[in-house]
Amino acid sequence: MDKGVLSDLFQRYFLSCRRLSSLPWKELQELLQSEPSFVLTILQKTFFHPLCQKYPPALRYRRLFLSELIKKHESTGADPPDVLYDAFADVLNTDEDTVCHKSYFLLSGETVTLSENVAFVSEGTTGLVTWEAALTLAEWSIAHMDIFKNRTILELGSGVGLTGIAVCKSCIPKKYVFSDCHHRVLQQLTENICLNGFQLSEEQKSQSKEQVLSDTEHGKFSDNVKISVIELHWESVTEKQFLHIQTDVDVVIASDVIYDPEIIISLSKFLNKLFMCMKNGRVLEVFIASTIRNPETYSFFKTSLGK
């Protein structure tokens, strides 16, 4: 594998906290046998990358990564670089935190950095971490940006915001409506929107209040996108919310929302109402990305849609 490609893979995987087993360790070890100093390049692209220094991944992840990197370098028999062991000592002497960061390099060239909770389940919700299908939907959206360009998008179950922020940065939507049902998730989502180069035009006083977000020094996007962060419960959507969707929304997207039968029923009924409320020849497009962890659950979703 080319050295540039290899170092870029380590950078992308490390900063987004991909499973350590998925990193190309074998290819790295083969390269280190002939060029042990290449470990310094990997360090610069990962642990010492400016994003890692400012928005560090989970402490445990950094410890395990550096430990594996040390093992691979030690296998070469070369003299150990002090900087590698100093970095490891640094993370060993750092206290654990409940918050971490993940940074994603998008196909469009943009970067999305998210503040997340270290635990998969926290404060009674799984919405404080990014799930696999969100990245897949983000990359798919960028590859099909014409679906989103100059249109109004409603995202269901936005979580900490990866998909929506990626679409806002890369696909030039006219308006983007983030939604979730958990107050803590909505709070974290709003923080991540600001973290990624959007500045609230005025202080957001409630999670349901619509705000226009503008560009900041973190990135220049083609046009300002009007962004809303709203609390939305699928089983108890108000008539006012449906009226807004009926007259404004063009595309609905969601990721990793197919995991529980009760939620599936609520989602299916909600989608049915959305389609039924479209008037004046308006066509609603819906795209849902799912990680199929349980084939029976996914089959139930398709059956529920059919009903």
Side-chain angles (χ1 to χ4, degrees), residues 5 8-24 51 57-58 61 100-117 120-121 125-149 151 153-173 176-180 185 188-189 192-193 195-196 225 234 250-260 263-264 267-268 271 284-302 304-305:
V5 173
D8 284 347
L9 279 177
F10 266 89
Q11 181 183 77
R12 294 171 66 92
Y13 285 14
F14 172 80
L15 290 173
S16 61
C17 296
R18 291 281 191 95
R19 289 190 304 272
L20 284 176
S21 60
S22 70
L23 272 64
L51 280 173
Y61 186 87
C100 66
H101 294 86
K102 295 179 183 178
S103 296
Y104 300 86
F105 291 82
L106 305 176
L107 298 175
S108 61
E110 300 284 356
T111 304
V112 173
T113 296
L114 303 175
S115 175
E116 302 186 2
N117 202 291
F120 284 127
V121 180
T125 178
T126 59
L128 292 171
V129 298
T130 297
W131 295 90
E132 184 178 355
L135 178 59
T136 299
L137 182 57
E139 293 177 339
W140 181 88
S141 299
I142 294 168
H144 299 82
M145 66 178 296
D146 286 346
I147 293 173
F148 305 95
K149 188 175 181 179
R151 303 181 81 188
I153 318 300
L154 168 64
E155 182 182 5
L156 306 177
S158 298
V160 290
L162 173 59
T163 302
I165 294 170
V167 170
C168 289
K169 282 193 171 189
S170 304
C171 299
I172 324 176
Y176 198 96
V177 183
F178 293 86
S179 73
D180 213 289
V185 175
Q188 190 64 59
L189 170 61
N192 281 333
I193 290 170
L195 179 65
N196 281 274
V225 52
W234 301 336
D250 303 302
V251 179
V252 175
I253 65 172
S255 63
D256 261 329
V257 294
I258 312 301
Y259 57 88
D260 179 85
I263 293 175
I264 287 172
L267 174 60
S268 299
L271 291 176
L284 182 69
E285 296 181 86
V286 180
F287 301 94
I288 298 179
S290 302
T291 300
I292 302 179
R293 300 178 180 88
N294 184 330
E296 291 184 2
T297 301
Y298 189 69
S299 178
F300 178 70
F301 173 56
K302 291 191 289 185
S304 182
L305 288 179

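Because only heavy atoms are used, hydrogens play no part in the values below, and waters and symmetry mates are left out as well, while side chains stay in. What you see is a predicted model; the values in this text were computed from it and never measured.
Taking Trp140 as the reference, His144 meet the side-chain hydrogen bond (donor to acceptor under 3.5 Å, both in side chains) condition, with sequence neighbours excluded.
Across every non-hydrogen atom of Val251 and Ile253, the tightest pair is CG1-CG2, 3.9 Å. Between Leu23 and Tyr61, the shortest heavy-atom distance links the atoms CD1-OH, 4.1 Å. Heavy atoms only, all atoms of each residue included: Lys169 and Val112 are closest at CD-CG2, 4.3 Å. Closest of all the heavy-atom pairs between Val257 and Ile263 is O-CG2, 3.7 Å. The two residues Leu156 and Ser179 have their closest heavy-atom pair at CA-OG, 3.5 Å. Scanning both residues, Ser158 and Phe178, for their nearest heavy atoms gives OG-CA, 3.4 Å.
Taking SG of Cys168 as the start and CD of Glu155 as the end, the distance is 9.0 Å to the nearest 0.5 Å. Atom CZ of Phe105 and atom CG of Leu51 lie 5.5 Å apart (nearest 0.5 Å). Separation of atoms CG (Leu114) and CD1 (Ile193) is listed at 10.5 Å; rounding is to 0.5 Å.
Judged by distance alone, with hydrogens and angles left aside, the side-chain atoms of Arg293 form no donor-acceptor pair with the main-chain N or O of Tyr259 at under 3.5 Å. For Ser170 (side chain) and Ala166 (main-chain N/O), a donor-acceptor pair under 3.5 Å exists by modelled atom type. Judged purely by atom type and a 3.5 angstrom limit, Thr113 has no side-chain atom pairing as donor or acceptor with the backbone of Ser103. Put simply, the side chain of Ser304 never gets that close to the backbone of Phe300: no donor and acceptor are under 3.5 Å apart. Ser255 contributes no side-chain N or O that, together with a main-chain N or O of Ala289, makes up a donor-acceptor pair within less than 3.5 Å.
Residues His101 and Ser115 form a side-chain contact, since some pair of their non-hydrogen atoms from C-beta on lies under 4.5 Å apart. Residues Leu267 and Ile258 are in side-chain contact: their nearest non-hydrogen atoms beyond the backbone lie under 4.5 Å apart. Inter-residue side-chain proximity for Phe148 and Ser141 is flagged as met; some heavy-atom pair is nearer than 4.5 Å.
Glu285 CD: more than 12 foreign heavy atoms inside a 6.0 Å radius.
Geometric assessment of Arg18 against the ring of Tyr13 yields a positive cation-pi assignment under the 6.0 Å and 45° thresholds.
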